[in-house]
Each structure stands twice: as structure tokens, then as C-alpha cells.
**Q** 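One structure, pasted below without further comment.
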Amino acid sequence: MKTSSKTFIFLLVLSGCILFSSAPGHAQTETGELFEKALYMEEVKGELQQAIDLYLKILKLNPSDRQVAAKSLVHLGMCYEKMGQQQAREMYSDVIDRYPQQTDEVAFAKERLSYLNAHAANLQKLAEQHLKKGNELFSQWEYELAIEEYRKAMELNPNSLLASNAKYCIGQSWFRAGKHDLALETFQKLMEENPE
């Protein structure tokens with residue numbers, strides 16, 4: 001993460017603590033304590049699922065507080081991003097779409113979305129290169145080497161059409177290599193994952 005992102009996260013945490021500690025009322029006190037606990041779980045303990053649960057609770061307790069909601073969504077996005085999950089994009093998009101007046105949070109969400117999109121595009125490109133290399137090896141009857149390339153493509157871009165195509169190519173490679181049991185097993189898994 002770039003220095004500007006780290007600085008923003010520090011400022012976001014600091015402003016969240018100030019916001020919650022200075023706000024009157026029991027609900028705000030409870031929210032502030034929950035937010036501090038969530039930050040502790042996220043940044044100190046690394047217990048991301050527990051932090052997520054706390055941020056979701058904060059959102060539920062404060063449905064009309066736009067500043068609290070935007071900060072919580074940003075931190076949810078950060079937790080999901082650290083876990084490598086697609087929900088990060090959803091959280092950042094929610095901040096941008098639903099809370100445009102929260103300029104700091106929106107700017108941060110846009111920066112992270114831009115990074116995630118560029119990273120995903122790079123992974124897609126690398127996966128396509130492995131698929132192409134696998135196809136070249138397949139056409140040269142180098143079936144086991146082709147399978148290695150198809151597997152790399154699947155690892156780089158799982159849960160995608162490209163991954164399904166690579167898995168199909170693996171099945172075809174096993175079949176052409178005379179390993180019919182492995183081919184059948186691969187095709188059955190592919191059908192289970194894609195019943196349509």
C-alpha cells in the first residue's frame with residue numbers, strides 16, 4: 001500500500017475515534033467502543049472476520065448516520081481486500097455510490113477500486129497467456145506440460161469462464177494422453193461446478 005494510503009488510513013482511524021468519542025448519547029458511545037474494538041481486531045489482532053462482524057453491527061446500529069456508515073464500509077472493504085475476497089469491491093462501490101458527500105472515504109474507495117481493477121486486469125492477462133501457452137503445447141501433443149499451463153491459468157483467475165475453459169482443456173489433455181479416468185473425473189467436476 002502506498003504511503004498516501006497509509007496516511008489516509010491513519011487519518012481515517014483518528015477521525016473515527018474523534019467522531020465517536022465526541023458524539024453525545026449512549027448509542028454514539030456504544031458505536032465508538034465498537035468501532036475501536038473493530039479497528040483493534042482488524043489492525044492489531046488480524047482477526048478480520050471478527051472485525052467484519054463488528055463493522056456490520058455498527059452499520060446496523062447506525063442506519064442513518066452517513067459518516068459512520070461510510071467509514072464502516074471503507075473498513076469492511078479493507079478487511080475483505082486483505083482476505084482476498086470480491087466483497088471488497090462491493091464495499092468500496094457502496095461508499096462511492098451511496099455516500100458521495102463523504103469525500104475522504106470516497107477518494108480512498110476510488111483509489112482502492114482502481115488498484116483492484118488494475119490488479120484483476122493484470123491477472124486476467126497472465127491467465128490468458130497461460131491458456132494460450134497450454135493450447136500451443138496441446139497442439140504439439142505435450143499434454144502434461146499443457147495441463148500445467150492450464151492449471152496456472154485457473155489459479156490466476158479462478159471462478160471465471162477462463163478457468164472453466166482451462167478445466168475443460170485439462171480434461172481434453174488427459175483424454176488425449178490416454179488417461180481416461182482422469183479425463184472423466186475432470187469432466188464430472190466441471191459439470192458439477194457448471195450444471196447449466
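Note that the numbering runs from 1 along the sequence shown for the chain.
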**Q** In terms of side-chain geometry, is the basic nitrogen of Arg89 or Glu81 positioned less than 4.0 Å from the acidic oxygen of its partner?
**A** no
**Q** Hydrophobic clustering (ILVMFWY, side-chain heavy atoms < 4.5 Å, transitive) - are Leu137 and Ile170 grouped together?
**A** no
**Q** Got a donor-acceptor contact below 3.5 angstrom from the Arg66 side chain to the Arg98 backbone?
**A** yes
**Q** I'd like to know if Glu149 and Lys132 make a salt bridge, using a cut-off of under 4.0 Å between side-chain N and carboxylate O.
**A** no
**Q** Tell me whether Glu155 is salt-bridged to Arg151, with the criterion being a basic N under 4.0 Å from an acidic carboxylate O.
**A** no
**Q** How close do Ala146 and Phe138 get, heavy atom to heavy atom, and via which atoms?
**A** CB-N, 3.8 Å
**Q** Can we call the ring centroids of Tyr150 and Tyr168 under 6.0 Å apart?
**A** no
**Q** Is Arg176 salt-bridged to Glu142, going by a charged N under 4.0 Å from an acidic O?
**A** no
**Q** Using the ring pair (Phe, Tyr, Trp, His ring centres under 6.0 Å) rule, pick out the option among Tyr40, Phe35, Phe108 that qualifies with His75.
**A** Phe35
**Q** Give me the one residue out of Ile58, Ile96, Val95 that meets side-chain contact (heavy atoms from CB on, under 4.5 Å) with Leu73.
**A** Val95
**Q** Go through the steps to decide whether Tyr143 and Phe175 satisfy the test ring-ring contact (aromatic ring centres under 6.0 Å, His included), and finish with yes or no.
**A** CA-CA 9 Å; Tyr143 302 120; Phe175 182 79; over 10 Å; no
**Q** Under 3.5 Å, side chain of Asp65 to main-chain N/O of Val68, donor-acceptor pair present?
**A** yes
**Q** Show me the side-chain donor-acceptor pairs of residues 116-127 shorter than 3.5 Å, one per line, residues at least two apart or across chains.
**A**
from: Asn117; atom 1: ND2; to: Leu113; atom 2: O; distance (Å): 3.2
from: Gln124; atom 1: OE1; to: Asn157; atom 2: ND2; distance (Å): 2.1
from: Gln124; atom 1: NE2; to: Glu128; atom 2: OE2; distance (Å): 2.7

**Q** How close do Tyr55 and Glu42 get, heavy atom to heavy atom, and via which atoms?
**A** OH-OE1, 2.6 Å
**Q** I'd like to check Gln49 versus Met83 (side-chain heavy atoms, cut-off strictly below 4.5 Å). Are they in contact?
**A** yes
